[in-house]
Engineer: 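One structure coming up, written as structure tokens, with questions to follow.
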Amino acid sequence: MLRKIYKNGNFYTFNTRLSNVQAVVVENGRFIDMGQTEDMLLTWGRSSVEVIDLEGKTVTPGLVDSHLHLSIIADSFINLDLTGVTSKQDMLERIQARTKELEPGQWLLGSGWDENLFTDGTIPTISELNFVSPGNPLLLSRICLHAAVVNSKALEVSGYHADITVPEGGVVVLDEATKQPTGLLLESAMTIVKKHIPAHSYETWKNAMRKTIHFAMEKGLTSAHSNDPLYLGGLAQTWSIYDELLNGEKLGLRSNLLINHEFINDLREAGMYAGYGNDTLQIGAVKIFADGAFGRRTALLSQPYSDDPGNYGEAMYDQETLFDIVRRSRELDMPIAVHTIGDQALENVLDVLDQFPAAAYRDRLIHTQVLREDLIHRLKKPSRIADIQPRFLASDFPWVQERLGEDRIKLSYAWKSLMDAGVICAGGSDSPVEPVDPLLGIHAAVTRKKPGQDLDGYCPEQKLSMTEAFRLFTELGAYPTNEEHIKGTISRGKLADMTVYSANPFEMKDADELLNTNIEMTIIGGEIKYRKY
């Protein structure tokens, strides 16, 4: 590979030995030297060396998203995208317009709706969905992915009846008066309908994933930890699509794949394990859901919801089943990555993990949104990661305060407490639940408010500094995959992944300036994979 010098930059290396430099030298995809521009040109400059002038722009190690769903983002390139819709009427009109584009009986699929944004009511009723899409079975996932709405045609095609067995942890919401479905399905009840939806073709998924990978790199991401097999048609097809796009087409985005526990046997049969692959594409952890989310009060709490006394939320699995999933994962020496939003869900998972030796790779506790001092202490192990999503705060406050109450909210979304206690944390978006743009997650971590809000932030004592927030999405993003020795900082010998910005975040007087900051370049292995023109 051609040697390159990136000069005249303002590099924040997050490397304690050499924290700020003007130039870096890259060869064979890795940093081989760094320092002042004149020194690097004098030492390494030759006629055969490519020199890229960064014209004073700010550079950090490449941005990493530690938890998202690239396949579901890809789905928005295929199906109806309802992200950001602010009224039920608009949602219904979009459904009606899409229906007109479909053949009778063809499935109408989509995602992204959030009734908390609606200004004219709440979730569409099944009769409203039937009116706008009478002849097409319909399933539209909520932004959180823990709920969906369906119409009568979808229930008919799926063979739904009053005595049907609902999967554990799922709820088919019924009208209190008629005892008929309202059209709202919660958690695993969605599988009643989803298993009847025809799969997209391989090429359809591959084309959509290609667009998604480019989209992620436009946002500055150089690495992503993605959970996809349930959407992309299983382990083999998921690996094949990624392999063809990343190792075959050399698109760039380094991807670590979380594999749903339903595919543990497939991992065994394929001979795959944590770390299987290469620096571009590898297998990560076994993905498990321990509870739900706050929106529908399905996140599992140790004390009842403040706005719904008697409701503690829902466990996705009993402790025996959870133990068995972890046992089968450990038989392959696989770490686990567990969705744990409520404090009781986190406690349940830690109780199981404490019965097993650590795996070769770190276990991830994803979200960890409601904490207690005893749980923070139990998370403080080098074999455990708190995989957090700061942008959740911008979407969940202020309404989540009613769910949790004044006392619990103090240790909720408590990233500062986690980091100060020495818990290893990594930052992600859970996109498409939140926007994939990591600068929005960093903004939420620093300000603890929505963009444009005139307040000092929710629980401002939990604010992170700009440097702490960037570390979540760079240096610390390498820890869930035990890759801190090869990426996460700009250091000699590490992978030459960098993100270049239009402004300097570390000299901003107001963090809101992040909202107007552009990604100028995304550099992976020393190659410019995205450049803003």
Engineer: Taking only Lys NZ, Arg NE, NH1 and NH2, and the carboxylate oxygens of Asp or Glu, determine whether E244 and K206 approach each other closer than 4.0 Å.
Structural biologist: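 Salt bridge: yes.
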
Engineer: Less than 3.5 Å apart, any donor N or O on the side chain of K287 or N260 sitting next to an acceptor on the other?
Structural biologist: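 On atom types as modelled, these side chains do not qualify, holding no pair under 3.5 Å.
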
Engineer: Would you confirm whether S87, through its side chain, and T119, through its main-chain N or O, come within 3.5 Å as a donor-acceptor pair?
Structural biologist: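 Side chain of S87 to backbone of T119: no pair is present.
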
Engineer: Can you tell me if T178 uses its side chain to pair, donor with acceptor, with the backbone of Q180 under 3.5 Å?
Structural biologist: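 Flag set: sc T178 to bb Q180 pair under 3.5 Å.
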
Engineer: Evaluate the criterion side chain to side chain donor-acceptor pair (under 3.5 Å) for residue pair D430 and H67; output intermediate values, then yes/no.
Structural biologist: CA-CA 5 Å; D430 203 15; H67 182 66; 3.3 Å; yes

Engineer: What distance do N130 atom CG and K153 atom NZ have between them, rounded to the nearest 0.5 Å?
Structural biologist: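 Answer rounded to 0.5 Å: 10.5 Å.
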
Engineer: Any donor-acceptor pair under 3.5 Å linking the side chain of T191 with the backbone of K194?
Structural biologist: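 Checking the backbone N and O of K194 against the side chain of T191, no donor-acceptor pair under 3.5 Å is found.
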
Engineer: Applying side-chain contact (heavy atoms from CB on, under 4.5 Å) to L439 and I519, what does each step give before you reach the verdict?
Structural biologist: CA-CA 9 Å; L439 293 183; I519 301 300; 4.2 Å; yes

Engineer: Angle class for the H367/F392 ring planes (parallel below 30°, perpendicular above 60°, tilted otherwise)?
Structural biologist: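 If you compare the ring of H367 with that of F392, the planes turn out tilted.
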
Engineer: Can any side-chain N or O of D497 pair as donor or acceptor with the backbone N or O of G525 at less than 3.5 Å?
Structural biologist: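 Present.
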
Engineer: Is R210 paired with E249 through a side-chain N to carboxylate O contact shorter than 4.0 Å?
Structural biologist: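 So E249 pairs with R210 through a salt bridge.
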
Engineer: Mark yes when over 12 heavy atoms from residues, nucleotides or ligands other than E320 sit less than 6.0 Å from its CD; otherwise mark no.
Structural biologist: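 No, not enclosed.
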
Engineer: Can you see which heavy atom on G62 is nearest to which on T499, and at what distance?
Structural biologist: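 So the minimum-distance heavy-atom pair works out to CA-OG1, 3.4 Å.
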
Engineer: A quick test of your reading: do over 12 heavy atoms of other residues, nucleotides or ligands sit less than 6.0 Å from CD of E203?
Structural biologist: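 Check passes, neighbour count above 12.
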
Engineer: Backbone N or O of L138 within a donor-acceptor pair of the N151 side chain at under 3.5 Å?
Structural biologist: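 Flag set: sc N151 to bb L138 pair under 3.5 Å.
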
Engineer: Are side-chain heavy atoms of W107 and N79 found at a separation under 4.5 Å?
Structural biologist: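 Sidechains of N79 and W107: no contact.
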
Engineer: Quick one: are the ring centres of H225 and H69 less than 6.0 Å apart?
Structural biologist: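 So the answer is no for these two rings.
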
Engineer: Run the side chain to side chain donor-acceptor pair (under 3.5 Å) test on T321 and D318 for me, step by step, so that the C-alpha distance in whole Å, both residues' side-chain angles and the decisive distance to 0.1 Å come before the verdict.
Structural biologist: CA-CA 5 Å; T321 303; D318 59 36; 2.8 Å; yes

Engineer: Which pair of non-hydrogen atoms, one from Y305 and one from T298, has the smallest distance, and what is that distance?
Structural biologist: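 Closest approach of Y305 to T298: OH-N, 3.7 Å.
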
Engineer: Please lay out, stage by stage, how S188 and F289 fare under the test side-chain contact (heavy atoms from CB on, under 4.5 Å).
Structural biologist: CA-CA 10 Å; S188 58; F289 282 89; over 6 Å; no

Engineer: NE2/H339 to CD/Q369 distance, rounded to the nearest 0.5 angstrom?
Structural biologist: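 Between atom NE2 of H339 and atom CD of Q369 there are 7.5 Å.
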
Engineer: Are the charged groups of E115 and R142 less than 4.0 angstrom apart, N to O?
Structural biologist: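 Salt bridge present between E115 and R142.
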
Engineer: Hey, do the aromatic rings of W239 and F263 have their centres closer than 6.0 Å?
Structural biologist: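 No, they do not, as the ring centres are separated by 6.0 Å or more.
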
Engineer: Is it true that the NZ or CZ of K532 lies under 6.0 Å from the centre of Y530's six-membered ring and within 45 degrees of the ring axis?
Structural biologist: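 Because its charged atom misses either the 6.0 Å distance or the 45° angle limit, K532 does not stack over Y530.
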
Engineer: Tell me, do R94 and L82 make a side-chain contact under 4.5 Å, heavy atoms counted?
Structural biologist: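 Result yes, sub-4.5 Å side-chain heavy-atom pair found.
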
Engineer: Side-chain contact test, heavy atoms from C-beta onward, threshold under 4.5 Å: evaluate it for F473 versus V64 and give yes or no.
Structural biologist: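 Counting from C-beta outward, F473 and V64 never come under 4.5 Å.
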
Engineer: Do F323 and N348 come close enough that some side-chain heavy atom pair is under 4.5 Å?
Structural biologist: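 Counting from C-beta outward, F323 and N348 never come under 4.5 Å.
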
Engineer: When the ring centroid of F397 is compared with that of Y413, is the distance short of 6.0 Å?
Structural biologist: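 Yes, the ring of F397 comes within the 6.0 Å limit of the ring of Y413, centre to centre.
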
Engineer: Test ring pair (Phe, Tyr, Trp, His ring centres under 6.0 Å) on H200 and Y231 and set out the steps.
Structural biologist: CA-CA 9 Å; H200 295 310; Y231 268 77; 9.3 Å; no

Engineer: Minimum heavy-atom separation for F470 and T474, please, with both atom names.
Structural biologist: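 Looking at all heavy atoms of both residues, the closest pair is O-OG1, 2.7 Å.
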
Engineer: Look at the side chain of D120 and the backbone N and O of Q89, then say whether any donor-acceptor pair between them is shorter than 3.5 Å.
Structural biologist: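 Yes, D120 side chain to Q89 backbone: donor-acceptor pair under 3.5 Å.
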
Engineer: Taking NZ, NE, NH1 and NH2 as the nitrogens, is one of them in K250 or E527 under 4.0 Å from a carboxylate oxygen of the other?
Structural biologist: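 Judged by the 4.0 Å cut-off on N to carboxylate O distance, K250 and E527 do not form a salt bridge.
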
Engineer: Determine whether more than 12 heavy atoms belonging to other residues, nucleotides or ligands lie under 6.0 Å from atom CZ of F131.
Structural biologist: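 12 or below, so no.
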
Engineer: Closest approach of P390 and L472, non-hydrogen atoms and distance?
Structural biologist: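 Shortest heavy-atom separation between P390 and L472 comes out as CG-CD1, 4.3 Å.
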
Engineer: If every non-hydrogen atom of A445 is compared with every non-hydrogen atom of W415, which pair is closest and at what distance?
Structural biologist: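 Distance-wise, the nearest heavy atoms are CA-CZ3, 3.8 Å.
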
Engineer: Do Y242 and N247 pair up side chain to side chain, a donor and an acceptor below 3.5 Å, judged on atom types alone?
Structural biologist: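 No pair is found: no donor N or O on one side chain lies under 3.5 Å from an acceptor on the other.
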
Engineer: Any chance you could lay out the side-chain contact (heavy atoms from CB on, under 4.5 Å) test for L300 and E314, step after step, and finish with the verdict?
Structural biologist: CA-CA 5 Å; L300 186 63; E314 298 176 14; 5.7 Å; no

Engineer: Using 0.5 Å steps for rounding, measure from the CG atom of L258 to the CD1 atom of I288.
Structural biologist: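 Separation between the atoms: 11.0 Å.
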
Engineer: Where do T122 and K88 land on the side chain to side chain donor-acceptor pair (under 3.5 Å) test, with the steps shown first?
Structural biologist: CA-CA 7 Å; T122 183; K88 179 171 71 171; over 6 Å; no

Engineer: Between R408 and Q401, is there a side-chain heavy-atom distance shorter than 4.5 Å?
Structural biologist: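 No, their side chains stay 4.5 Å or more apart.
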
Engineer: Rounded to the nearest 0.5 Å, what's the gap from CD on E434 to CG on D65? Could you check?
Structural biologist: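 The CD atom of E434 sits 11.0 Å away from the CG atom of D65.
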
Engineer: So, for M217 and I524, which heavy atoms are closest and what is the spacing to 0.1 Å?
Structural biologist: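 Scanning both residues, the minimum pair turns out to be SD-CD1, 3.7 Å.
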
Engineer: Charged N to carboxylate O under 4.0 angstrom, E187 versus R296?
Structural biologist: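 Salt bridge absent between E187 and R296.
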
Engineer: Does the pair R98/E101 count as a salt bridge with the N-to-O cut at 4.0 Å?
Structural biologist: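 Answer for the salt bridge query: yes.
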
Engineer: What distance separates D279 CG from L281 CG, expressed to the nearest 0.5 Å?
Structural biologist: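 Going from the CG atom of D279 to the CG atom of L281 covers 11.0 Å.
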
Engineer: Answer whether the closest heavy-atom distance between the side chains of S329 and I264 falls below 4.5 Å.
Structural biologist: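 Side chain of S329 against side chain of I264, heavy atoms only: contact under 4.5 Å found.
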
Engineer: Determine, for D175 against K179, whether the closest basic-nitrogen to carboxylate-oxygen distance falls under 4.0 angstrom.
Structural biologist: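 The answer is no: the pair does not qualify as a salt bridge.
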
Engineer: Once you round to the nearest 0.5 Å, how far does CG of D75 lie from CG of L70?
Structural biologist: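 Rounded to the nearest 0.5 Å, the CG-CG separation comes to 12.5 Å.
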
Engineer: If only atom types and distance count, is the side chain of S429 paired as donor or acceptor with the main-chain N or O of V436 below 3.5 Å?
Structural biologist: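 No; zero donor-acceptor contacts below 3.5 Å.
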
Engineer: Are side-chain heavy atoms of Y458 and L393 found at a separation under 4.5 Å?
Structural biologist: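 Y458 vs L393: side chains touch.
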
Engineer: For the pair R403 and D307, find out whether any cationic side-chain nitrogen is under 4.0 Å from an anionic carboxylate oxygen.
Structural biologist: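 Salt bridge: yes.
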
Engineer: Report the C-alpha separation of F294 and W399 in whole Å, then their side-chain angles, then the decisive distance to 0.1 Å, and conclude whether the side-chain contact (heavy atoms from CB on, under 4.5 Å) test is met.
Structural biologist: CA-CA 10 Å; F294 288 133; W399 60 262; 3.9 Å; yes

Engineer: When you measure from the side chain of D363 to the backbone of I336, do you find a donor-acceptor pair of N or O atoms at a distance under 3.5 Å?
Structural biologist: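 Confirmed, D363 side chain pairs with I336 backbone.
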
Engineer: So L92 and P124, do their side chains get closer than 4.5 Å, heavy atoms only?
Structural biologist: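 A side-chain contact exists here, since the closest heavy-atom pair is under 4.5 Å.
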
Engineer: Looking at S306 and L404, would you say the former's side chain and the latter's main chain have a donor-acceptor pair under 3.5 Å?
Structural biologist: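 Looks like yes, one N/O pair under 3.5 Å.
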
Engineer: So does H443 get a backbone contact from the side chain of T447, meaning a donor-acceptor N/O pair under 3.5 Å?
Structural biologist: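 Judged by distance alone, yes, a pair lies under 3.5 Å.
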
Engineer: For S66 and Y479, what are the C-alpha separation, side-chain angles and deciding distance, and is it a side chain to side chain donor-acceptor pair (under 3.5 Å)?
Structural biologist: CA-CA 9 Å; S66 65; Y479 278 75; over 6 Å; no

